[in-house]
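Take a look at the structure below.
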Amino acid sequence: MNNKPTTRRLPRPHLNLGRLILEGLIVLLCLAWLSPFYLLIVNTFKTMSQITANPLSLPKAVRWDAYARAWDQAHLGDYYKNSIVISAVSVVLSVSFSSLAAYAFSRLRFVGKQALFFFLLAGVMLPLQIVLIPLYRLLNRLDLLSTYQGMIALYVAFTIPFGVFILTGFYKSIPVEIEEAALIDGCSRFQSYWRIVLPLAAPGLVTMIILEFIWFWNEYLVALTMIQKEAMRTVMLGVMVMANTFQLDFSLLTAGIIIAVVPPILVYLFFQKYLIRGLTAGALK
């Protein structure tokens, strides 16, 4: 009797030609998507002669002076301060107002609730270009052109309808029974909102912070229309002025673009998992 253990042969993997082609196409698409960033980063460290000779080559020596010239000579440092102030304050105010309004729509009962909610949603569908001229005349009358107050007020007004829409759906995903238990234990309505609902709604709030910060930072049309003083320009306006002023200084231009896009990229990369969770939860309710 043969008592030798039988060895089971594992199936040999088959070459999937379709999968290899698909993965190769994905790699090519990733390289094509990353190639502009490679050109931007590499050319910031090269001289003008090196860029014109071969823009794809690596720099012979790492030179950081292009970033310093873009920051000081092109005044991106001053424009950075304006964008940070406008974006940060607008995000805080917009998310705060949107959160309170969305909580009211998702939890409270009052007369005209449905009509008011659809009225706010109409603001999401209103094209920005339609209201630019009336808003310009309004800010001009109020003496708020080229001011932090005017830009922040416009940005907050533009984003509140979208914030209410997203956060209302997110708040509806939180069980009402949790709040009811807190109310029975003696919490007021605002205390239950502050101590219970907001921590549970953190992914949705972070989603709004990311989306609104990126929009405020990259916004160009409203800033171009409402800002007429050089000292009040935002980063995106500064980049366009820099492109017209330093047309032949490619290293300075690429350094300025890198400086301008770093904050929204960092914000997105750091909070992207919250962005996906928040958008999914808000969209399913």
Side-chain angles (χ1 to χ4, degrees), residues 83-128 131 135 149 151-183 185 187-219 222 263-285:
S83 287
I84 289 173
V85 171
I86 293 173
S87 300
V89 177
S90 299
V91 165
V92 171
L93 293 178
S94 179
V95 172
S96 300
F97 294 151
S98 300
S99 176
L100 290 169
Y103 179 79
F105 283 119
S106 62
R107 290 292 192 264
L108 305 181
R109 294 181 180 178
F110 52 89
V111 178
K113 171 181 172 180
Q114 216 51 27
L116 182 58
F117 184 73
F118 285 116
F119 176 75
L120 281 175
L121 289 187
V124 180
M125 298 178 285
L126 186 66
L128 181 62
V131 297
L135 288 175
Q149 297 91 329
M151 293 300 300
I152 291 169
L154 289 181
Y155 285 164
V156 172
F158 286 146
T159 51
I160 280 180
F162 177 72
V164 171
F165 173 70
I166 294 295
L167 293 178
T168 299
F170 201 92
Y171 285 152
K172 287 182 179 179
S173 67
I174 301 174
V176 182
E177 293 76 12
I178 300 176
E179 275 190 272
E180 292 176 346
L183 294 173
D185 288 340
C187 281
S188 65
R189 176 65 71 175
F190 182 78
Q191 286 175 333
S192 66
Y193 161 77
W194 183 259
R195 297 180 180 179
I196 297 173
V197 176
L198 280 186
L200 293 175
L205 296 173
V206 172
T207 299
M208 293 310 306
I209 291 172
I210 297 169
L211 293 177
E212 291 185 0
F213 178 83
I214 293 176
W215 188 81
F216 294 150
W217 188 271
N218 294 331
E219 200 283 320
V222 177
I265 289 177
L266 291 180
V267 168
Y268 177 78
L269 291 178
F270 189 74
F271 293 108
Q272 61 177 332
K273 60 179 181 180
Y274 299 103
L275 175 66
I276 296 171
R277 284 177 56 193
L279 284 178
T280 304
L284 294 179
K285 287 291 175 178

Quiz item: Out of curiosity, Phe158 CZ to Leu128 CG, how far, rounded to the nearest 0.5 Å?
Solution: 4.5 Å
Practice problem: Identify the heavy atoms of Phe213 and Val267 that sit nearest to each other, and give their distance. | Solution: CE2-CG2, 3.7 Å
Quiz item: Got a donor-acceptor contact below 3.5 angstrom from the Ser192 side chain to the Arg189 backbone?
Solution: yes
Practice problem: Might you work through the side-chain contact (heavy atoms from CB on, under 4.5 Å) test for Leu93 and Tyr155, ending with a clear yes or no? | Solution: CA-CA 10 Å; Leu93 293 178; Tyr155 285 164; over 6 Å; no
Quiz item: Which heavy-atom pair separates Glu212 from Val95 by the least distance, and what is that distance?
Solution: OE1-CG2, 3.6 Å
Quiz item: Do Phe162 and Thr159 come within less than 4.5 Å of each other through their side chains, counting heavy atoms only?
Solution: no
Quiz item: If you look at every heavy atom in Ile178 and Ile196, which pair is closest and at what distance?
Solution: CG2-CG2, 3.4 Å
Quiz item: Of the non-hydrogen atoms in Gly163 and Met208, which two are nearest, and what is the gap between them?
Solution: CA-CE, 3.4 Å
Quiz prompt | Non-hydrogen side-chain atoms of Arg107 and Ile174 separated by less than 4.5 Å | solution = yes
Practice problem: First locate atom CH2 of Trp217, then atom CD1 of Ile84, and finally report the distance between them rounded to the nearest 0.5 Å. | Solution: 5.0 Å
Quiz item: Just how far is it from atom OG of Ser90 to atom CH2 of Trp215, taken to the nearest 0.5 Å?
Solution: 9.0 Å
Quiz item: Looking only at heavy atoms, which two atoms of Val164 and Ala101 are closest? And how far apart?
Solution: CG2-CB, 3.8 Å
Quiz item: When rounded to the nearest 0.5 angstrom, what distance separates OH in Tyr171 from CG in Leu205?
Solution: 5.0 Å
Exercise. Mind telling me whether Tyr103 and Tyr193 have parallel, tilted or perpendicular rings, with 30° and 60° as the class edges?
Key: tilted
Practice problem: For the pair Ser173 (side chain) and Phe170 (backbone), establish whether a donor and an acceptor sit closer than 3.5 Å, ignoring hydrogens and angles. | Solution: yes
Self-check item: Spacing of OG belonging to Ser99 relative to CD1 belonging to Ile160, to within rounding of 0.5 Å
Solution: 11.5 Å
Quiz item: How far apart are the closest heavy atoms of Pro203 and Thr207, and which atoms are they?
Solution: O-OG1, 2.7 Å
Exercise. Anything under 30° is parallel, anything over 60° is perpendicular, the rest tilted; go ahead and classify Phe105 against Phe117.
Key: perpendicular
Self-check item: Atom pair CD1/OG of Ile214 and Ser87 - distance to nearest 0.5 Å
Solution: 11.0 Å
